[in-house]
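Numbering starts at 1 and runs along the sequence shown. As the structure is a computational prediction, the values presented were derived from the model and not from experiment. Computation of the quantities below employed the complete heavy-atom set of this structure, encompassing side-chain atoms and omitting hydrogens, waters and symmetry-equivalent molecules.
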Amino acid sequence: MPERDGYLPGVPCWVDTSQPDPEAAVAFYSGLFGWEFDDVMPPGSDGKYFIARLHGGDVAAVGSQPEGGLPAVVWNTYVWVDSADDAAAKVRDAGGRVLTEPFDVLDAGRMAVFMDPEGAAFCVWEANAHKGARVVNEHGSLNFNGLNTRDADGAKAFYGAVFGWGTLPLGGGAAMWTLPGYGDYLEKDNPGLRKQMAEAGAPAGFEDVVAAINPIADDQPDAPAHWSVTFGVDDADATAERAARLGAEIVVPPVDAPWVRTTVIRDPQGATFIANKFVPENRDLATQAGSTAGAA
């Protein structure tokens, strides 16, 4: 994939995690993905914010936990918007909550933190100097984001109102979030993308997919609604083994699923993420897409 330089409004564009010991998290993810980190906070700042890079391109970030912020250690999903303030108004009108009012992040951009009506937290990003993830869909970089929910119909109404998202049913209860025109946007930098997807067996309309809808399984009664983050890897089994050696918990050992071999990992401080190796030969597996993702 060519390096990204911005996103369409309504497309997930960035991920970060706030951790009690950010330096320890930096050591973990450096060892796992080979990320190189740079603390971008000004000297003397109370907190730290380490930008992770691959091949010199931004991929994700690890930061300190903010005072008064959510106590859970998670990976956060950011959606690109033209205006964080307008997004806040739409969230309120659609029945969501504004957890953190829009604010400027130095000269990088403007952000806000929201919660959907079911309780899943997410962020928005109004870019200035920082254009989101530059490297995606490579080993150790952002590959996908997914909403884990028990109320898909409610989520469709909420996110449709906030971001203009539609859905692409995949059968068996699985579905994807779509953004009209996203395929056209991608095709400009990836000529022949639609043809490649069709030849690989992707369903019609998949080029407009921006995220997944993952129903939370009945055997996870305590799992809250939440957004999950997936990183691409060259080898899911090797990634799980390396993560375990670095002190992580393997929540779901590597398993074959439609299109991928996937594993769910909880890092040493509690942030859970998915690691997927793309396996086109797995496209016809009967396992419901996203079944393991619900655990993340």
Side-chain angles (χ1 to χ4, degrees), residues 8-13 15 70 72 74-81 87-88 90-99 113-124 142-183 197 202-230 251-252 255 257-260 262 264 272-274 276 282-283 285-296:
L8 277 182
V11 177
C13 64
V15 293
L70 296 174
V74 299
W75 273 98
N76 304 299
T77 289
Y78 289 70
V79 180
W80 186 283
V81 294
K90 291 179 180 178
V91 165
R92 287 192 176 96
D93 289 344
R97 291 174 55 197
V98 177
L99 299 181
V113 184
F114 306 135
M115 183 177 284
D116 72 19
E118 198 181 1
F122 63 99
C123 309
V124 295
L142 180 62
N143 177 241
F144 221 54
N145 307 78
L147 175 68
N148 299 267
T149 177
R150 291 186 177 84
D151 183 9
D153 289 339
K156 290 172 185 177
F158 174 78
Y159 290 99
V162 174
F163 297 127
W165 289 350
T167 58
L168 175 68
L170 296 182
M176 297 287 182
W177 295 113
T178 60
L179 180 69
Y182 187 46
M197 287 186 170
F206 197 82
E207 64 274 8
D208 285 337
V209 165
V210 295
I213 305 173
N214 302 318
I216 298 175
D218 293 337
D219 61 358
Q220 300 176 47
D222 298 327
H226 62 284
W227 276 89
S228 60
V229 169
T230 299
V251 180
V252 178
V255 62
W259 297 98
V260 297
T262 184
V264 180
T272 303
F273 60 94
I274 305 164
N276 276 357
N282 286 358
R283 70 185 188 188
L285 289 182
T287 306
Q288 180 178 325
S291 60
T292 59

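Looking only at distances, a side-chain donor or acceptor of S228 sits under 3.5 Å from a matching main-chain atom of G146. In this structure, the side chain of E118 engages the main chain of R150 through a donor-acceptor pair within 3.5 Å. Not one N or O on the side chain of W227 forms a donor-acceptor pair closer than 3.5 Å with the backbone of A120. N148 contributes a side-chain N or O that, together with a main-chain N or O of H226, makes up a donor-acceptor pair within less than 3.5 Å.
By the 4.5 Å heavy-atom criterion applied to side chains, W259 and N282 are not counted as neighbours. Contact of the L179 side chain with the D208 side chain is not registered, since no non-hydrogen atoms from C-beta on lie closer than 4.5 Å. Here the side chains of F273 and V15 are not in contact, with every heavy-atom distance at 4.5 Å or above. By the 4.5 Å heavy-atom criterion applied to side chains, F163 and V124 are counted as neighbours. The closest side-chain heavy-atom distance from T167 to W177 is below 4.5 Å. At least one side-chain heavy atom of V209 sits less than 4.5 Å from a side-chain heavy atom of L168. Residues F114 and K90 fail the side-chain proximity criterion, which asks for heavy atoms closer than 4.5 Å. Taking 4.5 Å as the limit, every side-chain heavy atom of L142 sits out of range of all side-chain heavy atoms of W75.
Here the shortest heavy-atom pairing between P117 and G95 reads CG-O, 3.6 Å. The two residues P203 and L170 make their nearest non-hydrogen contact at CG-CD2, 3.8 Å. Of all non-hydrogen atoms in V210 and G10, the two that sit nearest each other are CG2-O, 4.2 Å. When all heavy atoms of I213 and A152 are compared, the closest pair comes out as CG2-CB, 4.4 Å.
Here the rule is side-chain contact (heavy atoms from CB on, under 4.5 Å) with I274, and of V251, N145, T262 only T262 fits it.
Rounding to the nearest 0.5 Å places CZ of F158 at 10.5 Å from CG of D93. Atom-to-atom distance recorded for L147:CG and I216:CD1 is 8.0 Å, nearest 0.5 angstrom.
When only modelled atom types and interatomic distance are considered, T230 and N276 share no side-chain donor-acceptor pair under 3.5 Å.
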| query | When you look at T149 and D116, which way does the side-chain contact (heavy atoms from CB on, under 4.5 Å) test go after all the steps? | reply | CA-CA 11 Å; T149 177; D116 72 19; over 6 Å; no
